[in-house]
Each structure stands twice: as C-alpha cells, then as structure tokens.
Amino acid sequence: MIITPAEPHDVSKLLAFREEAAAWLRNLGSDQWSRPYPADKLLATIKAGTVFMLRDGHTTAGTITLTPDAEDGLWTDEELAEPAMFVNKLTVARDYAGQNLGGRLLDWAGDRACHAGAQWVRLDAWTTNEALQRYYLAQGFTYVRTVREGTAVNGGPRVSGWLAQRAARPADHGFTDRTPAPAPLRSAA
C-alpha cells in the first residue's frame with residue numbers, strides 16, 4: 001500500500017469516508033461525526049498538505065490528517081511549547097477493517113512527526129466514544145485529560161476533547177511512503 005498526499009479531487013472521497021464511518025459508529029450507538037464536516041475546511045487542509053491518503057491500487061483504504069497546528073483550546077501553553085504534531089480524522093474504509101491499518105497509520109504519523117523534530121504525536125478523540133479511547137490507549141497513547149469547553153470546528157459544542165499523546169519515534173509502518181519530507185517544526189520560542 002502507498003501513502004500519498006491528498007489532492008483537491010479527494011474531497012468527495014474524504015467526505016464519503018466520513019459518512020461511512022459515521023454510519024458505522026451510529027450502528028455502534030455513537031453520535032461521533034454525526035454533524036457534516038465543512039468541505040471548505042477539508043479542502044483547506046488538503047491544500048495545506050496535511051491530509052494523506054492510503055491507497056491500495058486504485059482504492060483508497062484509509063486517510064489521516066497530520067498537522068503541526070493544534071486545535072484552539074485543547075492544549076496548554078506549556079504543552080504547546082513542546083514540539084508536537086497532531087493526528088486528526090484517522091479513518092479506515094470498512095472493507096479494510098481488522099487489518100491494523102489504523103495502527104500502522106499512527107506509526108507512520110509518529111515516524112513522520114519524529115523526522116519533523118516532534119517530541120509528541122497528539123490527538124483528541126470523541127469524549128463519549130470509550131471504545132475509540134481504549135483503542136488509542138492500546139496503540140501506546142497516554143491519556144492527558146478531557147476538555148469539554150469550547151466549540152467544534154463544524155459548529156456546536158466541543159465533542160472531541162479526550163486528549164492523548166505518545167512519543168514521536170521512528171517506525172516500520174510497512175507502507176510505501178510517497179509523501180514529501182516533512183518540514184521541520186518551528187521552535188515555539
């Protein structure tokens with residue numbers, strides 16, 4: 001499988017991924033991703049070079065967003081002073097479930113973050129999705145805290161404020177990486 005930067009034409013695929021994941025989560029009793037994500041915000045992240053696609057031939061098997069920019073209101077000033085990259089919108093197509101692609105994408109993110117000079121890979125997860133939280137803990141992340149104040153990117157109250165982190169480190173994720181080298185992180189000083 002090959003990991004590449006997303007391109008503007010991938011917006012519709014990414015929105016469909018989100019809808020597929022939301023339907024699956026709804027069947028599990030979760031309201032995660034029940035509000036539509038703004039296509040213009042998604043396109044902006046693609047143009048910023050922070051969205052990546054996992055491709056299996058002509059099929060998209062998964063996606064991950066990895067950015068040096070933290071969402072406002074989640075991390076403290078002290079935490080933001082530490083070099084970190086942030087995982088968002090990790091999604092694996094249901095046809096590829098059960099193959100540890102999510103874990104391997106997290107390893108790829110940790111490897112990329114390490115090469116950018118990050119100390120941490122951080123993420124926020126849905127506050128009521130305890131299964132997802134257990135998944136991240138099983139992937140080596142450590143719980144930091146839960147933030148409930150603020151608003152979500154797509155409107156409404158903050159619903160994704162369960163924070164976790166793990167050390168950025170080199171990893172053998174097994175993907176063919178066709179992404180450009182990450183830009184070195186800027187110093188917080």
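Computed from heavy atoms alone, side chains included, the values below leave out hydrogens, waters and symmetry copies.
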Between L101 and M1, is a side-chain contact (heavy atoms from CB on, under 4.5 Å) present by the stated rule, with each step listed? CA-CA 10 Å; L101 293 184; M1 288 191 195; 4.0 Å; yes
What's the shortest heavy-atom distance between D95 and Q99, and which atoms? O-NE2, 3.9 Å
Hey, are E7 and K13 close enough for a salt bridge, meaning a charged N less than 4.0 Å from a carboxylate O? no
Let me check something: any side-chain donor-acceptor pairs from residues 112-121 under 3.5 Å, sequence neighbours excluded? List them with distances.
| from | atom 1 | to | atom 2 | distance (Å) |
| --- | --- | --- | --- | --- |
| R112 | NH1 | T179 | OG1 | 3.0 |
| R112 | NH1 | P180 | O | 2.9 |
| R112 | NH2 | P180 | O | 3.1 |
| H115 | ND1 | D111 | O | 2.8 |
| W120 | NE1 | E82 | OE1 | 3.1 |

Smallest separation among heavy atoms of V87 and L123, with atom names: O-CB, 3.7 Å
At their closest point, which heavy atom of A39 faces which heavy atom of V11, and how far apart are they? CB-CG1, 4.3 Å
Within the structure provided, determine whether Y143 and L137 are in side-chain contact (heavy-atom separation under 4.5 Å). yes
Please tabulate, one pair per line, all N/O donor-acceptor pairs under 3.5 Å involving side-chain atoms of residues 163-171, not counting sequence neighbours.
| from | atom 1 | to | atom 2 | distance (Å) |
| --- | --- | --- | --- | --- |
| Q165 | OE1 | R122 | NE | 2.7 |
| Q165 | OE1 | R122 | NH2 | 3.1 |
| R166 | NH1 | Q139 | O | 2.4 |
| R166 | NH2 | L106 | O | 3.1 |
| R166 | NH2 | D107 | OD1 | 2.9 |

Minimal heavy-atom distance between I46 and A6, with the atoms involved, is CG2-O, 3.5 Å
Considering non-hydrogen atoms only, spot the tightest contact between A70 and L80 and give its length. CB-CD2, 3.6 Å
Going by heavy atoms in the side chains, are P8 and L43 under 4.5 Å from each other? yes
Side-chain touch I3/W108, heavy atoms, less than 4.5 angstrom: yes
Per the side-chain hydrogen bond (donor to acceptor under 3.5 Å, both in side chains) rule, what does the pair list look like for residues 51-60, sequence neighbours excluded? T4-R55, D10-R55, R55-T60, D56-Y96
Spacing of N129 atom CG and R134 atom CZ [to the nearest 0.5 Å]: 8.5 Å
Interatomic spacing from CG in N88 to OG1 in T50 - rounded to 0.5 Å: 8.0 Å
Return the set of residues passing side-chain hydrogen bond (donor to acceptor under 3.5 Å, both in side chains) with Y135 (not counting sequence neighbours), or none when no residue passes. none
With rounding to the nearest 0.5 angstrom, report the CD1 to CG distance, I64 to L90. 5.0 Å
Quick one: does T63's side chain get under 4.5 Å of V92's, heavy atoms only? no
Mind checking side-chain contact (heavy atoms from CB on, under 4.5 Å) for A44 and listing every partner two or more places apart, or none if nothing turns up? none
Are the side chains of F175 and R104 in touch, meaning some heavy atoms are under 4.5 Å apart? yes
Is any side-chain heavy atom of T67 closer than 4.5 Å to a side-chain heavy atom of T45? no
Heavy atoms of other groups near D172 CG, more than 12 under 6.0 Å: no
Under 3.5 Å, side chain of Q133 to main-chain N/O of T127, donor-acceptor pair present? yes
Under 4.5 Å between any side-chain heavy atoms of D69 and M85, yes or no? no
Given 3.5 Å as the limit, does a donor-acceptor pair link the side chain of R145 with the main chain of L74, or not? yes
4.5 Å side-chain heavy-atom contact, W162 and Y136: yes
Hits for salt bridge (Lys or Arg N to Asp or Glu O under 4.0 Å) against E130, two or more places apart or cross-chain, chain-then-number order -> none
